[in-house]
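Structure, as structure tokens:
Computed from a predicted model, the values in this text were never measured in an experiment.
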Amino acid sequence: MSDHKLTDRNIPMMNRRSQRFAEVEQANDVGTTLKRLLAYFAKEKKMVLSMLIVVIVGTLAGVYAPSLQSQAVDIIAGSNEGILMTTLLLMAMTYAIYCVCQLLQGVIGARLSQSVVKKMRDELFSKIVDLPVSYLDNHSHGDVMSRMSNDIENISTVISQSLASLFSGVLTIIGTIIMMVYYCWQLALLSCLTIILTVVASNYLSKKVRKYSRQRQSLLGYLNGHVEEMITGYHSVVAYNRQDEIIDDFMTTSDDLTKAGIRCEIFSGVMGPVMNCISNIGFVIIAVFGGYFAIRGLISVGVISAFIVYAKQFSRPINELANIFGQLQTAIAGAERVFIVLDENNENMEGDCYHENNQVNIEFKHVNFSYKEDQPIIKNFSLYIPSGKKVALVGATGSGKTTIVNLLMRFYDIDSGDIYINDQNLNDISRDTLRHNMAIVLQDTTLFSDTIRNNLMYVNDKATQEDLDHAIEMSHCSQLLHLLPDGYETVLTGAGEHLSLGQRQLLAIARAFVADPKILILDEATSNVDTRTEKDIQDAMHIIMENRTSIIIAHRLSTIRDADMIVVMDQGEIVETGNHDELLAQKGKYYDLYMSQYAGYTI
């Protein structure tokens, strides 16, 4: 819509390529982000409490089971009195409770994650719908969509898979240390040697895995974008013989992705064997020193068997916590990105109701506007559009034509000056009531993946079948509708991608008929139709524009020859006004534009 949009396409290719190796961002304010994230959990107190109970019970069972195993071994060895069968049954029950708790952790975690994420997703989507047009004009659409999908999905994954493991891991470490010290503090201290090795090795390898994993994901994202861009623009690639260049770029990125993938898999694959090796060292230490302590009478054989289980039980959550830490960083960073959007100001919808009137006069008084400070786009723009008249805005690309429409629809607010509709200042009119009385047909047609009927009624849900038939007839869509398999009930898949650009434009014009607006805006509305269809649409437009104030933006001057007033713009200012014949007689800017299109005249 705007003359100056910031999109990914504006980023130079070399700069975009240099961004491939950017790592996943980390949260700038972890504390505040966590506090806001925990507020969502506060709304799910029952599930959070249930998870805590399950985690505590499961952890106690997991910590107590090796103690029962120790008793059973000592009973078998004869160093302890007791009923073996009773101990074995109790141990089996304890492990059963542990397994059930592990299962419940997964179930509750999944329900909790989906509940929290649903609230976040709903809030984010509602926020995006209420954002000002300027926000979406100045932010990458892909980035906004990524926050809705990837960032929220990362949060969901951490809640469902890592939250319970985080709680149980911490409790397991604490419980295991207590039990090890209780049975033999000397052997517990010796076991800590392997724990230190586990922490150091796990930390080092995890950093490497995260580093190359991030690099791989970044490269994979760039590679997918490169392929999508090539497929979408394949005609241009072939037309300009750029196949070799894009193949070289693809191969370079693919090689980098392969290297990053190999490194990631190597460090990821090494982690398991390294941890097993350290665990085996721990088993050797426990076996050697445990045997020595058993001979000295400090501990029993059963305690040695319990220590072996505790040592493994202790190292497992440490490894998990190291991996969870990286996932938490990603999730918190994603949550912060979501909260940044949620903290944006909504579009201000306050104001007076639009005073509906059969007469709609529009007046611009000394309007100035800039998208960026100190870069004025509209300069001292003054224009009066009488009710029921058809006014055309023409000029070179970037002269400010579309910006005038943006200001009239209050997609942006002016820097200075005034815009009046009848006697109402535009800034005093609420945006919803203002836009309810306007209809716009854009050059880039937007249809929705829905039926033809619902697409037409999108602008007026009270439209009757007679209204739809009239709109189809007046926009010359009758033949198109007849060719479609289910008529009005035909579903436009992919937002109408199986239709030609011209057919989509015709449906957009039909939708404008259904809207029955007070003010009609046509932004290159016939740019994608052939000359004959364009003539038919122009004839239809005469009908729809009767007694309506209309603004037309056109580069193809044949579409505005019969306009009541033609306004020629240049660098945000009005340089000429008049009708077609008057402007040709002046032999100014409009004359140059017209002759360059229709008389082969070179400016």
Legend entry - With Asp122 via salt bridge (charged side-chain N to carboxylate O under 4.0 Å, His left out) - residues at least two apart: Lys118
Legend entry - Donor-acceptor under 3.5 Å (Ser399 side chain, Gln571 main chain): no
Inset, instruction - Determine which pairs satisfy salt bridge (Lys or Arg N to Asp or Glu O under 4.0 Å) with at least one residue from residues 559-569, sequence neighbours left out, and list them in order. - result: Lys390-Asp562
Legend entry - ring-ring contact (aromatic ring centres under 6.0 Å, His included) involving Phe364 - partner list, sequence neighbours excluded: Phe381
Inset, instruction - For Asn427, check side chain to side chain contact (heavy atoms under 4.5 Å, CB included) against everything at least two apart and list the hits. - result: Arg410, Asp413, Ile414, Asn425
Legend entry - More than 12 heavy atoms from other groups under 6.0 Å of CG on Asn345: no
Legend entry - Residues in ring-ring contact (aromatic ring centres under 6.0 Å, His included) contact with Phe250, at least two apart in sequence or another chain: none
Inset, instruction - Give a yes or no answer on whether the side chain of Asn422 reaches the backbone of Gln424 with a donor-acceptor pair at less than 3.5 Å. - result: no
Legend entry - Partners meeting side-chain hydrogen bond (donor to acceptor under 3.5 Å, both in side chains) with Thr32 (sequence neighbours left out): Asp29
Inset, instruction - Would you list the pairs meeting salt bridge (Lys or Arg N to Asp or Glu O under 4.0 Å) in which at least one residue belongs to residues 351-369, sequence neighbours left out? - result: none
Legend entry - Partners passing side chain to side chain contact (heavy atoms under 4.5 Å, CB included) against Val238 (at least two apart in sequence or in another chain): Tyr234, Gln243
Legend entry - Summary of ring-ring contact (aromatic ring centres under 6.0 Å, His included) pairs that have at least one residue in residues 558-587, sequence neighbours excluded: His580-Tyr590, His580-Tyr594
Legend entry - Atom CD of Glu344 with >12 non-hydrogen neighbours under 6.0 angstrom: yes
Legend entry - Sequence-distant partners of Pro517, side chain to side chain contact (heavy atoms under 4.5 Å, CB included), two or more places apart: Ala439, Ala515, Leu520, Arg548
Legend entry - Non-neighbouring partners of Phe41 that pass side chain to side chain contact (heavy atoms under 4.5 Å, CB included), sequence neighbours left out: Leu37, Leu38, Val48, Leu112, Val116, Ile159, Leu163
Inset, instruction - Report yes or no: does Asn368 contribute a side-chain atom to a donor-acceptor pair with the main-chain N or O of Asn380 at less than 3.5 Å? - result: yes
Legend entry - Lys518: salt bridge (charged side-chain N to carboxylate O under 4.0 Å, His left out) partners, not counting sequence neighbours: none
